[in-house]
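Some notes on the structure that comes next.
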Amino acid sequence: MQPISEGWEYRWGDSPWLEDGRPLWIVERAPDQWHSIGFPSNPPNRNGREHAWFRVQLPEGNWYQPVLYIYSVDIIVQVWFRDEVHYQYGTFDQDGRGRFEGWPWHEIPLPDDYQGETIYFRVFSNYTDIGLWGEVAVTDHPDLTLYILSASAEELVISALSALIAFLALVFALIQRTQRNLAAVALFSLLVSLMLLAESQASLLLLYRPLFWDYLAAASYYLIPVALTLLLALWLGRQSSALIRGLMWFHLVFAFGAIGLALAGIVDLSSTFPVFDSVLVVSLVLLVAVVSRRFAGLYREQQVLLIACGLFAGLLIVDMGVAHGFIPWTRVPVSWGALGFSLAVVSISVWHFGRTQKELQQLTVRLEQKVQERTARAEALAEREVARARLLALESKKSQKLADVIAALQDCADVEEAFEPLKRAMPELYLPMAGCFYRRDAGGTFEKLVAWGPAPEESFATSLDARLTELTETTLPVRKNAVPARLCFFLRIESARSDRSPEGVLLLDRPELPEAVRDYGIARLIAWVFQSVEKIGITLSGLTLRAELQRFSYEDSLTGLKNRRYFDELYRHEGEVSARSARPLCLLIFDIDHFKQFNDCHGHEAGDQALRMMGEVLALCFRGSDTVCRYGGEEFAVLMPGASLEEARQRAEQLRTRIAADPVIHRGHSLGRLTISAGIACWPENCAEYDELFRAADKALYQAKEAGRNRVVAATL
């Protein structure tokens, strides 16, 4: 996917409309009325306004079936593209308002030539948030479907597992009717299952009824506190307070009241979420206050239950913070908290049912096997799609042809590389005029680079002096009676440190044209040559400035290592090289253990010294072909082309040992020794897909931290 994270602008209010039905704001040029924003959501100074416009210029891209993907919109949206309504979700009345119609994800088809054009979003929201939400990206339609399925796989699997737990708990409740807590477990697990299914993006692939899924998600979400307080009341027994029972009845009334009023059209369903979230936070605080006083006197099983409850509640609060903009957008794994709570409750509830517990474990194993089989089938499908996309890209490259020299030069990495295709193209560009092209060397003189035409060696000098005093530059306009026998054009390359001295000199013999077109043709031909040299100079200037900008922006000033931007670009390049050459590629990710504590204890100046020392050690521990980058803060990444997993692990161990052995010296004083935790992954040894390499190494790093830090963990299949 290609995220659109830059170039967004917003404008408060709703646009006036032209007589032809188009909004004025997509036609007029009023740059002072549009304001930049990092992401098209919740612009500043809302002050109760309910209408906003957003716009962005679509980026360059090469997609097979391009679509624009939006995670969600608050509340309804109208998309204008090329002066017409390209997409709309929700119904706008004559005042530009409309009712809440759900929070689906949006797939907006784009034409093949969408690149560089501006797309406008007209948004109405009477909700606490306004605008687009989550993520906005351009991708292919098949890839988006796979992305939705991949993003929802965790929720769907846990939803299925929670439904299975609800079924088993209900069966046990029917067998042991005295165990009322099992019925509460079944209710809680069922609500969790419905909430996860309804909130998953894949639900719209099953049935595109956004409001249906939102009502189902809201109902199950609003009833979860009911099941939670019921469970606590049953497990605590006589120790439960009237407050817990009161909260249970309050949330039950709230759930039915909110859903009923929304179905009746009295309130929008969206307006009930902020109220419920506020009430839920207060309820959770009250529950913690009541239960914490009796925690020490509870049985261990009950303590485990309450810890799982606290984990689930904490994830819910984090998810609320993301939903209301207090925390930057990210996917909060609420499903794992719900799963942990359900498993804790079920394990306690069936503690005395040994044989039944064994059967439940067997069912869980079979379910996991089915999940693995389905995951394997999905991965096989993804591999086929990737192979098909690469084949199409290869066919496209083979079917394409360089249109002109400028396109070839723009594909070059730097000026030195660009002069090779330029040298080959010069004769093809300027024949049948005999000519010669000179390039300035390190000493300032101009040496012959290539010559063409009849007897070029005798017609043109081997070199030109640095001052070029014997030459007169040909300029425009050209007078037909003053065309010299030899034309001279200077190729100038602009850079941050360049002067006006030419980088190259092009000499051409005056063309011999038929009499009928001589006057007109010579002037036009010279003008074309002049413009071509100018364009080549502009293109080479762009390569020079780009190289200088890359050099300045790819280096971390503190450690002298490459920075994260360099790593991100090199990471994809090395993957393509490794795929073509069929050689392995290892990735090492590590960070300094407890570096924040080190900074807090010794100060940021000492922390900077520690990072500089880390850069010096890294420069000594890896090969010249390895690339060491400071990925961010105290985190580092190393790309090792051609290295096996075992070789990478040995180097990481050497690095870890050396860092742990050398103390940090700051102002003549030893500040102690640092340790690192590292994760290693190798493609294709650890992951079939190259896109999984970074995730595998990061997971291994997380395992190293969980295992006690100061260690190296290699990823496994």
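As a basis for the values below, the full set of heavy atoms in this structure was taken, side chains included, without hydrogen atoms, waters or symmetry mates.
Between F590 and F636, the two ring planes are parallel [angle under 30°; tilted spans 30° to 60°]. Between H106 and Y87, the ring-plane angle classifies as perpendicular under the 30° and 60° cut-offs. Classified by interplanar angle (parallel below 30°, tilted 30° to 60°, perpendicular above 60°), the ring pair Y69/Y147 is perpendicular. Classification of the W34-W25 ring pair by plane angle, with boundaries at 30° and 60°, yields perpendicular. Aromatic ring orientation, W17 versus W80: tilted (interplanar angle from 30° to 60°). Below 30°, between 30° and 60°, or above 60°: for W53 and Y120 the angle between ring planes is above 60°, a perpendicular geometry.
A donor-acceptor pair under 3.5 Å links the side-chain atoms of S581 to the main chain of V577, judged by distance alone. No donor-acceptor pair closer than 3.5 Å links the side chain of S463 to the backbone N or O of F446. In this structure a side-chain-to-backbone donor-acceptor pair under 3.5 Å is present from S41 to L132. For H35 (side chain) and W12 (main-chain N/O), no donor-acceptor pair under 3.5 Å exists by modelled atom type. The closest donor-acceptor contact from the side chain of R572 to the backbone of G575 lies at 3.5 Å or more, if one exists at all. For the pair D140 (side chain) and Q65 (backbone), a donor-acceptor distance under 3.5 Å is present. In this structure a side-chain-to-backbone donor-acceptor pair under 3.5 Å is missing from T445 to D441. Judged by distance alone, the side chain of W133 and the main-chain N or O of S72 form no donor-acceptor pair under 3.5 Å. Side-chain atoms of T139 never come within 3.5 Å of backbone atoms of M1 as a donor-acceptor pair (strictly under, hydrogens ignored). Panel note: side chain N686, backbone A715; a donor-acceptor pair is recorded below 3.5 Å.
Counting heavy atoms from C-beta on, the side chains of R486 and L471 never come closer than 4.5 Å. With a 4.5 Å cut-off on side-chain heavy atoms, L585 and M640 do not count as touching. Side-chain contact between T559 and V628: absent, with no pair of heavy atoms (C-beta onward) separated by less than 4.5 Å. With a 4.5 Å cut-off on side-chain heavy atoms, I4 and P59 count as touching. In this structure, the side chains of Q410 and T539 come closer than 4.5 Å at one or more pairs of heavy atoms. Between I108 and V67, the closest side-chain pair of non-hydrogen atoms is not below 4.5 Å. Taking the side chain as every heavy atom from C-beta outward, L611 and R630 approach each other to under 4.5 Å. You'll find the side chain of F81 reaches within 4.5 Å of the side chain of L58, heavy atoms only.
A distance of 11.0 Å separates OG in S36 from CD in E6, rounded to the nearest 0.5 Å. Taking CG from D83 and CZ from R22, the interatomic distance works out to 4.5 Å, rounded to the nearest 0.5 Å. A distance of 9.0 Å separates CD1 in I589 from CG in L639, rounded to the nearest 0.5 Å. Taking OG of S578 as the reference point, atom CZ of R583 lies at 5.0 Å (rounded to 0.5 Å). For the atom pair CG (L68) and CG (L144), the distance works out to 10.0 Å, reported to the nearest 0.5 Å. Rounding to the nearest 0.5 Å places OG1 of T118 at 5.0 Å from CD of Q57.
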> Can R492 and E473 be said to form a salt bridge (charged side-chain N to carboxylate O under 4.0 Å, His left out), step by step?
Replying inline: CA-CA 12 Å; R492 293 182 173 88; E473 183 179 8; 3.3 Å; yes

>> If you apply the rule side-chain contact (heavy atoms from CB on, under 4.5 Å), what do you find for M433 with D509, and how did you get there?
In response: CA-CA 6 Å; M433 290 184 292; D509 287 342; 5.7 Å; no

>> I'd like to know whether W683 forms a side chain to side chain donor-acceptor pair (under 3.5 Å) with E692, so could you lay out the CA-CA distance, the side-chain angles of the two residues, the decisive distance to 0.1 Å, and finally the verdict.
In response: CA-CA 9 Å; W683 177 85; E692 297 293 329; over 6 Å; no

> Run the side-chain contact (heavy atoms from CB on, under 4.5 Å) check on L487 and L507 step by step: do they pass?
Replying inline: CA-CA 6 Å; L487 307 175; L507 298 180; over 6 Å; no

> Is there a salt bridge (charged side-chain N to carboxylate O under 4.0 Å, His left out) between R11 and E28 once you walk through the steps?
Replying inline: CA-CA 13 Å; R11 188 171 181 177; E28 69 173 357; 3.0 Å; yes

>> Set out, in order, the CA-CA distance, both residues' side-chain angles and the distance that settles side-chain contact (heavy atoms from CB on, under 4.5 Å) for L587 and F567, then state yes or no.
In response: CA-CA 11 Å; L587 173 62; F567 174 84; 3.8 Å; yes

>> Quick one, D591 with L701, criterion side-chain contact (heavy atoms from CB on, under 4.5 Å). Give me CA distance, side-chain angles, the key distance, then yes/no.
In response: CA-CA 8 Å; D591 61 13; L701 171 60; 4.1 Å; yes

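For the 3.5 Å distance criterion, the side chains of Q115 and E60 fail to qualify, holding no donor opposite an acceptor. Between the side chains of Y430 and S532, at least one donor N or O lies within less than 3.5 Å of an accepting N or O. Looking only at atom types and distance, the side chain of E107 has a donor-acceptor partner in the side chain of H141 under 3.5 Å away.
For the residue pair P104 and L204, the shortest heavy atom distance occurs at CB-CD1, 3.3 Å. Across all their heavy atoms, P641 and D626 have their closest contact at CD-OD1, 3.9 Å. A434 approaches G453 most closely through the heavy-atom pair CB-CA, 3.9 Å. Minimum interatomic distance between V505 and C488 (heavy atoms only, all atoms of both residues): CG1-SG, 4.0 Å. Of all the heavy atoms in L506 and M426, the pair that sits closest is CD1-SD, 4.4 Å. Nearest heavy atoms, P421 versus C412: CG-SG, 3.8 Å.
The neighbour count for E447 CD, taken as heavy atoms of other residues, nucleotides or ligands under 6.0 Å away, is above 12. For E428, the CD atom sits in a loose shell: 12 or fewer heavy atoms of surrounding residues, nucleotides or ligands are nearer than 6.0 Å.
At least one test fails for R55 against the ring of F121: distance under 6.0 Å to the centre or angle within 45° of the axis. Cation-pi geometry between K562 and Y566 is satisfied (NZ or CZ under 6.0 Å from the ring centre, within 45° of the ring normal).
Ion pair D556/R564 not flagged as a salt bridge, since none of the NZ, NE, NH1 or NH2 atoms sits closer than 4.0 Å to an Asp/Glu carboxylate oxygen. Using a cutoff of 4.0 Å between basic side-chain nitrogens and carboxylate oxygens, R82 and D113 are scored as salt-bridged.
Residues F460 and F437 keep their aromatic ring centres 6.0 Å or farther apart.
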